[in-house]
Amino acid sequence: MSRYVIDKGKLIENIGLLKEKAGVPIIGVVKGNGYGFGIKEFTSVLKENGINTFAVTEVTDIAPLKEIVSEENILVMRSTCVESEAEIIAKNGCIATIGSQEACRVMDKVSAELGVKTKCHLKIDTGMGRYGFMPSEINKAIECYKAENLEFIGAYTHFSSAFTNTALTRAQQILFEDTLKQIEKAGYSVGTRHCANSPALLNVNGVSMDAVRLGSAFTGRVITKSSLPLNRLGRLEAEVVDIKTVPAGYSVGYNGTFKTSRETKIAIVPIGHYDGFGLSKGKERVTVRSILSLIKQFLMKKHLTVEINGKAYPVIGDIGLSHTAVDVTGSDVKCGDTASVDISPLMVNPRIERVYN
């Protein structure tokens, strides 16, 4: 049976390094099933190591989080105009995100109906182009502070290109700070200010402000340059379930696209596309560089490997839904040996067990 294994000790090391780097409180972003580490397990480790506030994007994540943390420490990073979603946020006492006048109206309405005052963070769009008031809409944003059933305790923005573009990231931060000054000039307190995500903290100096929002950095899998020696965490594991030897010229896998060139010892590993092996995230931006990367990935596909007993062995044939054939010719690999592959936790099926050791 496959499982995704996380070294808890190394995760704790990452948490310590990031807390020192940030120098301010960390908001633990546990969206996407805890960045693939399992939302409940991941959140528990973060909480045990001094992180108290957590952020998600889906209202369905509120229930499992409330088993671990207090609702007032849950920030929902979705500015929503959907009444049913706003009601869940308000009813559970979580912190809402307000990024438009309509989202403000809806959250104020459901809060009044529930007889509660919902805490909120204002979202400013400095260039991401998704949720949030544009700086040119500052007067609309200021109007939200007048809502009777909302209490604004923070404000944030999101960097679009902190992976690679330091200059743009700094420009976004300056724009964010200028916008907040206009809110304060109007007589309102913005509360906790935060803008830095994982790549920004690791790649750009001076972005911490009052708090930082970190998620992927904890996994050690951030696509950005960083001098911080983070541990790369997470491996998909399963036992070798069968061994067979086939003659030269034998077809392996669907469509017979691979034929052995010699007598071949094959280990069958119960890991496949269903588990996340052999899948890859799509590119968010198409460039010459990304196209060349895709071509390289295609050419290197035949070199996918599985590690067994500390040695990498090549995958042969197409990866199946739940099985992979591995060429272990000349080895002493046997049934029951542990096989593992290094894949992003975001690609691992959420139904696969997460194991912390």
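Just so you know, these numbers use all the heavy atoms, side chains as well, and skip hydrogens, waters and symmetry mates. These numbers come from a predicted model, not from an experiment.
When all heavy atoms are compared, the tightest approach of E263 to T329 is O-CG2, 4.0 Å. M77 and V29 get closest at one heavy-atom pair: CE-CG1, 3.8 Å. Residues L230 and G220 approach most closely at CB-CA, 4.1 Å, considering heavy atoms. Contact between F54 and L46 at its shortest, heavy atoms only, is CE2-CB, 3.7 Å. Pairing each heavy atom of V82 with each of T80, the nearest pair is N-OG1, 3.0 Å. Between N165 and T169, the shortest heavy-atom distance links the atoms O-OG1, 2.9 Å.
R232 is not listed as a side-chain neighbour of K10, based on a closest heavy-atom distance of 4.5 Å or more. Residues V45 and I15 have side chains in contact (heavy-atom distance under 4.5 Å, counting atoms from C-beta outward). V24 places none of its side-chain heavy atoms less than 4.5 Å from the side chain of M209. Taking 4.5 Å as the limit, every side-chain heavy atom of R354 sits out of range of all side-chain heavy atoms of F42. Counting only heavy atoms from C-beta outward, the side chains of V328 and Y313 approach each other to under 4.5 Å. Using a 4.5 Å heavy-atom threshold, the side chains of T245 and T264 count as separate. Looking only at side-chain heavy atoms (C-beta outward), S322 and P270 stay at 4.5 Å or farther from each other. Between V110 and E85, the closest side-chain pair of non-hydrogen atoms is not below 4.5 Å.
Here CG of N205 is found 8.5 Å from OG1 of T166. Values are rounded to the nearest 0.5 Å. One distance of note links CG of L18 with CZ of F218; it measures 5.5 Å at 0.5 Å rounding. How far CG of D125 is from OG of S79: 11.0 Å, rounded to the nearest 0.5 Å. Taking CG of D318 as the reference point, atom NE2 of H323 lies at 15.5 Å (rounded to 0.5 Å). The distance from atom CD1 of I316 to atom OG1 of T260, rounded to the nearest 0.5 Å, is 7.5 Å. Expressed to the nearest 0.5 Å, how far CG of L175 lies from CD1 of I124 amounts to 9.0 Å.
Looking at N357 and K8, their side chains never bring a donor and an acceptor atom within 3.5 Å of each other. With no hydrogens or angles considered, a side-chain donor-acceptor pair links D275 and S2 at under 3.5 Å. Between the side chains of N231 and E13, a donor-acceptor pair is found at a separation under 3.5 Å.
The side chain to side chain donor-acceptor pair (under 3.5 Å) contacts involving residues 214-223 comprise R221-D342, where partners must be two or more places apart or lie in separate chains. Each side chain to side chain donor-acceptor pair (under 3.5 Å) pair with one or both residues in residues 20-41, not counting sequence neighbours, appears once here: K40-E67. Sequence neighbours left out, the pairs with a member in residues 49-64 that pass side chain to side chain donor-acceptor pair (under 3.5 Å) are E58-R78. For residues 94-119, the set of pairs meeting the salt bridge (charged side-chain N to carboxylate O under 4.0 Å, His left out) definition, not counting sequence neighbours, comprises E83-K109, E102-R105, K109-E113, K119-E151.
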Q: Check step by step if side chain to side chain contact (heavy atoms under 4.5 Å, CB included) holds for E177 and Q173.
A: CA-CA 6 Å; E177 291 173 339; Q173 183 179 3; 3.4 Å; yes
Q.
Please determine whether side chain to side chain contact (heavy atoms under 4.5 Å, CB included) holds for the pair D242 and C335, giving the CA-CA distance in whole Å, both sets of side-chain angles, and the decisive distance to 0.1 Å.
A. CA-CA 6 Å; D242 208 352; C335 288; 4.3 Å; yes
Q: For the pair Y156 and T97, evaluate side chain to side chain donor-acceptor pair (under 3.5 Å) and give the outcome as yes or no after the intermediate values.
A: CA-CA 9 Å; Y156 68 104; T97 289; 2.7 Å; yes
**Q.** Worked verdict on F152 versus I98 for side chain to side chain contact (heavy atoms under 4.5 Å, CB included)
**A.** CA-CA 9 Å; F152 286 86; I98 301 298; 3.9 Å; yes
Q: Tell me, with the steps shown, if T43 and V69 meet side chain to side chain contact (heavy atoms under 4.5 Å, CB included).
A: CA-CA 8 Å; T43 300; V69 302; 4.0 Å; yes
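Grouping Ile, Leu, Val, Met, Phe, Trp and Tyr residues whose side-chain heavy atoms lie under 4.5 Å apart, directly or via other members, leaves I174 alone, with no other cluster members. Side-chain heavy-atom separations under 4.5 angstrom define the hydrophobic clusters, and the remaining members of the one that includes V207 are F159, V204.
In terms of hydrophobic clustering, with Ile, Leu, Val, Met, Phe, Trp and Tyr side chains grouped at heavy-atom distances under 4.5 Å, I26 and I68 are assigned to a common cluster. Note: the hydrophobic cluster containing L201 also contains L228 (ILVMFWY, side chain heavy atoms under 4.5 Å, direct or indirect links). By the criterion of side-chain heavy atoms lying less than 4.5 angstrom apart, applied directly or through intervening Ile, Leu, Val, Met, Phe, Trp or Tyr residues, L214 is grouped together with V56 in one hydrophobic cluster. A continuous path of ILVMFWY side-chain contacts below 4.5 Å connects I308 to I243, so both sit in one hydrophobic cluster. Cluster membership check: V5 does not share its hydrophobic cluster with I352, using side-chain heavy-atom separations under 4.5 Å among Ile, Leu, Val, Met, Phe, Trp and Tyr.
Side-chain N or O atoms of R170 include none that pairs as donor or acceptor with a backbone N or O of G206 at under 3.5 Å. A donor-acceptor pair is defined here as one N or O able to donate and one able to accept, closer than 3.5 Å; no such pair exists between the side chain of S340 and the backbone of R235. Side chain of N92 to backbone of C94: no donor-acceptor contact under 3.5 angstrom is found. Using modelled atom types, one side-chain atom of S198 and one backbone atom of A217 make a donor-acceptor pair closer than 3.5 Å. S70 contributes no side-chain N or O that, together with a main-chain N or O of E72, makes up a donor-acceptor pair within less than 3.5 Å.
Checked for salt-bridge contact, R262 and D327 meet the test: a charged N lies under 4.0 Å from a carboxylate O. E143 and K140 are not joined by a salt bridge, as no carboxylate oxygen comes within less than 4.0 angstrom of a charged side-chain nitrogen.
Annotation: side-chain contact (heavy atoms from CB on, under 4.5 Å) contacts of E239 (sequence neighbours excluded): R3, T338. Scanning for side-chain contact (heavy atoms from CB on, under 4.5 Å) contacts around I183 gives L122, I138, I142, Y145, L180, Y188, V190, with sequence neighbours left out. Take A96 and apply the side-chain contact (heavy atoms from CB on, under 4.5 Å) test, not counting sequence neighbours, and it matches I89, M107, T118, C120. For Y4, there are no ring-ring contact (aromatic ring centres under 6.0 Å, His included) partners two or more places apart in sequence or in a different chain.
Of the candidates D210, V212, L75, L75 is the only one forming a side-chain contact (heavy atoms from CB on, under 4.5 Å) with H194.
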Residues 246-257 side chain polar contacts: donor-acceptor under 3.5 Å, at least two apart:
unit_1, atom_1, unit_2, atom_2, d
S251, OG, K259, NZ, 2.7

Extract all donor-acceptor atom pairs below 3.5 Å that involve side chains of residues 126-135 and protein atoms in other chains or at least two apart in sequence.
unit_1, atom_1, unit_2, atom_2, d
T126, OG1, T157, OG1, 2.8
T126, OG1, Q172, NE2, 2.9

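Counting heavy atoms of neighbouring residues, nucleotides and ligands inside a 6.0 Å radius, atom NZ of K91 does not exceed 12 of them.
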